[in-house]
Number of protein chains: 2
Amino acid sequence: MERAKVTSADVAARAGVSQSAVSRVFTPGASASPKTVEKVRRAADELGYRPNVLARAMVSGKSRIIGLVVAYLENQFYPVALERLSNALQAQGYHILIFTATNSIDGADAVVQELMDYQVDGIITASVAISSTLADSANAAGIPVVLFNRGQDDSGFSSVTSTNFEGGRKAAEFLLAGGHERIAHIAGWQGSSTGRDRQAGFLSVLQRAGVTPFAMVDGMYKHEVATECARQLIAGSTRPDAIFVGNDHMAFAVMDVLRQAGLEPGKDVSVVGYDDVPLAGWAAYDLTTIRQPVNRMVDAAVETILAQIETPGTAPQQIEIEGKLILRSSARIPEGWTQ
Amino acid sequence: MERAKVTSADVAARAGVSQSAVSRVFTPGASASPKTVEKVRRAADELGYRPNVLARAMVSGKSRIIGLVVAYLENQFYPVALERLSNALQAQGYHILIFTATNSIDGADAVVQELMDYQVDGIITASVAISSTLADSANAAGIPVVLFNRGQDDSGFSSVTSTNFEGGRKAAEFLLAGGHERIAHIAGWQGSSTGRDRQAGFLSVLQRAGVTPFAMVDGMYKHEVATECARQLIAGSTRPDAIFVGNDHMAFAVMDVLRQAGLEPGKDVSVVGYDDVPLAGWAAYDLTTIRQPVNRMVDAAVETILAQIETPGTAPQQIEIEGKLILRSSARIPEGWTQ
DNA sequence: CTGAAAGCGCTTACAG
DNA sequence: CTGAAAGCGCTTACAG
């Protein structure tokens with residue numbers, strides 16, 4: 001029962017104008033007399049005509065589609081970012097073609113290649129790195145790429161992150177000021193820039209203070225891995241009195257393990273996370289954490305990618321947005337501590 | 001520095017064959033001699049050629065794009081579903097064009113219209129209803145629509161839900177069997193079929209048992225609304241001894257409120273949710289809930305939409321998948337209770 | 001199996 | 001402002 005698609009030619013016939021006239025009426029900025037506009041709009045309404053975006057994309061070379069590669073959707077940070085990203089892009093007349101990837105390099109590559117087959121105007125990768133081969137390929141095709149919440153030095157791409165090194169420092173300073181003596185770190189995935197930077201910032205402060213971390217392991221940004229790490233951390237005869245965890249998602253797992261072992265976060269063991277996802281503010285966790293200002297990060301990503309798309313020649317930029325420490329009850333607050 | 005796009009004509013020239021030959025080599029099922037295939041593949045590789053999906057879509061009338069409308073991304077149920085949906089569709093060579101919507105009818109309508117402009121092969125709406133006007137329009141265009149986690153009687157669309165009425169019954173039976181006497185219900189949004197069905201099932205059991213609900217309010221599927229509802233529920237001189245909450249996302253808010261008031265879920269007040277999102281299984285909540293088998297729901301949605309796309313004339317179906325009660329510690333378990 | 005040609009539904013110079 | 005025409009990059013009958 002599929003009604004034949006109505007095209008601009010159908011509208012033209014009904015309105016008694018040329019097909020080009022119809023096109024102009026639907027092209028912002030094109031010129032048409034009020035009378036033509038009127039006739040065309042009426043005919044279009046009667047016929048239920050809407051321009052075929054794909055055809056427009058073919059001839060104009062602009063698809064108004066942004067490819068988005070995401071992973072780690074269990075981590076609340078990403079759905080929240082995705083929602084805002086989609087809204088911001090929709091408001092500008094762009095839409096998101098979404099690809100889910102594993103966190104392996106290969107996974108992202110295959111997916112980005114497919115993205116390019118769709119003639120996307122730009123690509124945003126969230127929490128995913130891509131190979132330099134593919135980087136070259138995107139660059140050659142003139143497709144801007146923005147790395148979201150991940151940096152990649154060699155790529156020549158734009159990136160938007162929080163000040164991860166600085167965030168790691170803040171966590172360490174806070175924990176040190178709290179008088180903790182056995183500070184452990186369950187790090188973010190060491191295969192990612194964010195995991196490495198947070199850890200490096202954290203270590204830099206400890207080192208300058210002459211403190212050796214109680215323990216340091218890679219939590220891989222995975223809930224189950226963090227659970228296992230936390231179990232082992234508290235299994236020995238001496239335990240950490242503080243744990244800096246590479247992101248909130250893992251910190252929740254750590255807090256669950258502590259409580260099940262009868263340890264109270266904030267009292268027996270201080271826990272500091274990274275991100276400040278909504279859940280971190282819920283009473284069940286009330287997690288002290290370094291906030292990644294997701295809204296500002298998204299806005300920056302949108303701004304930079306649109307600039308590169310709409311003003312060819314715009315240079316890629318590496319944007320870092322400061323994150324601040326959010327004090328809650330999961331970690332002891334140093335006497336007289338002021339941000 | 002944008003290298004000119006390489007087209008099938010470029011490849012043809014280099015391979016010394018016609019443009020049609022190149023097209024055939026890249027069209028699954030088309031005929032080409034081994035020698036042609038060899039020459040074309042080599043030339044394509046050397047040039048870095050990949051078919052333009054948009055051009056293919058235009059002529060074939062198949063975009064291999066599925067439009068997805070989502071909302072409520074803070075509720076963990078949806079990101080989890082989205083991830084699996086995207087993976088399942090990618091595996092079949094389809095991709096998702098994502099639109100975020102508010103939960104208002106108008107929002108979804110505007111968005112679905114835009115989706116159709118992209119010539120999507122099908123539309124999946126998660127947690128969003130669409131108007132009958134738009135339903136007509138999608139039907140007329142022959143675009144299958146699948147409602148995910150939402151039903152809509154009049155639309156003639158496919159839908160995939162869990163057995164919501166039955167789920168509401170189960171919750172009520174469980175709570176009654178547990179000897180609770182003041183059972184409240186913070187319902188899912190009454191503007192949605194899921195919210196209404198769960199409530200109706202719940203009420204049907206209470207009614208047959210001659211029990212009047214202690215209180216019944218609409219939590220709108222919103223965390224903050226549920227927080228407020230819970231506060232009021234426990235503010236009076238008599239309190240509920242059990243609360244059935246329309247989904248897990250709201251149940252978490254309820255548990256937070258109870259604890260902050262010094263009430264222990266599962267002991268002072270039983271809480272039962274709906275969904276069984278991953279967080280429900282984490283120790284901090286350990287929420288008793290009716291599981292919506294998200295994987296099976298997604299698989300059913302994919303199956304039905306692909307059937308309708310690839311075999312025109314396939315009738316829409318309303319699929320209901322059974323959800324079972326998951327026992328955890330947030331609600332008292334009746335003596336000798338067996339599922 | 002293969003090439004020449006038409007056509008998918010648009011936008012955009014080009015003349016008028 | 002407007003129409004005729006070319007062209008975006010493909011697929012697909014149609015002959016051979």
Side-chain angles (χ1 to χ4, degrees), chain A residues 2-41 43-44 47-65 93 116-121 141-142, chain B residues 2-41 43-44 47-65 93 116-121 141-142:
Chain A
E2 182 161 350
R3 181 168 56 193
K5 258 169 200 155
V6 6
T7 71
S8 56
D10 299 330
V11 176
R14 179 167 195 119
V17 299
S18 71
Q19 182 271 328
S20 346
V22 175
S23 175
R24 287 192 191 96
V25 170
F26 284 93
T27 303
S31 56
S33 69
K35 208 178 348 177
T36 301
V37 171
E38 156 67 13
K39 282 189 295 184
V40 168
R41 291 229 174 272
L47 261 27
Y49 170 75
R50 306 205 105 219
N52 179 329
V53 173
L54 261 31
R56 173 177 286 175
M58 266 212 58
V59 29
S60 70
K62 298 282 145 210
S63 63
R64 302 195 78 84
I65 297 178
M116 292 177 56
D117 296 345
Y118 276 91
Q119 313 300 117
V120 295
D121 289 342
Chain B
E2 181 161 349
R3 181 168 55 193
K5 260 169 199 155
V6 6
T7 72
S8 56
D10 300 329
V11 176
R14 180 166 193 122
V17 298
S18 72
Q19 183 268 329
S20 347
V22 174
S23 174
R24 288 194 191 95
V25 170
F26 283 93
T27 303
S31 57
S33 70
K35 207 179 350 184
T36 302
V37 171
E38 156 67 15
K39 283 190 294 187
V40 168
R41 292 231 174 270
L47 261 28
Y49 170 75
R50 306 205 106 219
N52 179 329
V53 173
L54 261 32
R56 172 177 289 175
M58 265 210 59
V59 28
S60 70
K62 298 283 143 207
S63 63
R64 301 196 78 84
I65 297 177
M116 292 177 56
D117 295 345
Y118 276 92
Q119 314 298 118
V120 296
D121 288 342

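As a basis for the values below, the full set of heavy atoms in this structure was taken, side chains included, without hydrogen atoms, waters or symmetry mates. Lettering follows sequence order; numbering is per chain, from 1.
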**Report entry** Cation-aromatic face contact A:R41/A:F26, 6.0 Å, 45 degrees
**Finding:**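 Yes, a cation-pi geometry holds between A:R41 and A:F26.
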Quick one: which of [options] gets closest to the side chain of [X]?
X	options	answer
B:V59	C:dG9, D:dG9, D:dA5	D:dG9
A:S20	C:dA5, D:dA4, C:dG7	D:dA4
B:R24	D:dT11, D:dT12, C:dG9	D:dT12
A:V17	C:dG9, D:dC1, D:dG3	D:dG3
A:K5	D:dC1, C:dT12, C:dG9	C:dG9
B:R56	D:dT12, D:dT11, C:dT12	D:dT11

Can you find a heavy atom in the side chain of [X] that is under 4.5 Å from one in the side chain of [Y]?
X	Y	value
B:V11	B:V40	yes
B:S63	A:L54	yes
B:Q119	B:I65	no

Query raised in the report: In the strands shown, is D:dA15 matched to any nucleotide by a Watson-Crick or G-U wobble pair with both distances under 3.5 Å, and which?
Result: C:dT2
Nearest-Å distance, [atom1] ([X]) to [atom2] ([N])?
X	N	atom1	atom2	answer
A:K62	C:dG9	NZ	P	24 Å
B:R50	D:dC10	CZ	C1'	16 Å
B:Q19	C:dG3	CD	C1'	10 Å
A:D10	C:dC10	CG	C1'	13 Å
A:E38	D:dC1	CD	P	17 Å
B:Y118	C:dC10	OH	P	15 Å
B:K35	C:dC1	NZ	C1'	11 Å
A:L54	C:dG9	CG	C1'	10 Å

Should [X] be listed as having a side-chain N or O under 4.0 Å from OP1 or OP2 of [N]?
X	N	answer
A:Y49	C:dC10	yes
B:S31	C:dC1	yes
A:S18	D:dG3	yes
A:T27	C:dT11	yes
A:S23	C:dC10	no
A:S33	D:dT2	yes

Requested in this report: Name the nucleic acid region contacted by B:T7, choosing base, sugar-phosphate or nothing; use a 4.0 angstrom heavy-atom cut-off, strictly under.
Outcome: sugar-phosphate
Query raised in the report: Relative to the 5' end of DNA chain C, which residue comes earlier, B:A55 or A:F26, by the nucleotide with the nearest heavy atom?
Result: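 The residue mapped nearer the 5' terminus is B:A55.
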Query - B:S33 side chain to B:T36 side chain, donor-acceptor N/O pair below 3.5 angstrom - result: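 Yes.
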Query raised in the report: Judged by modelled atom types alone, do A:Q19 and A:S8 share a side-chain donor-acceptor pair under 3.5 Å?
Result: yes
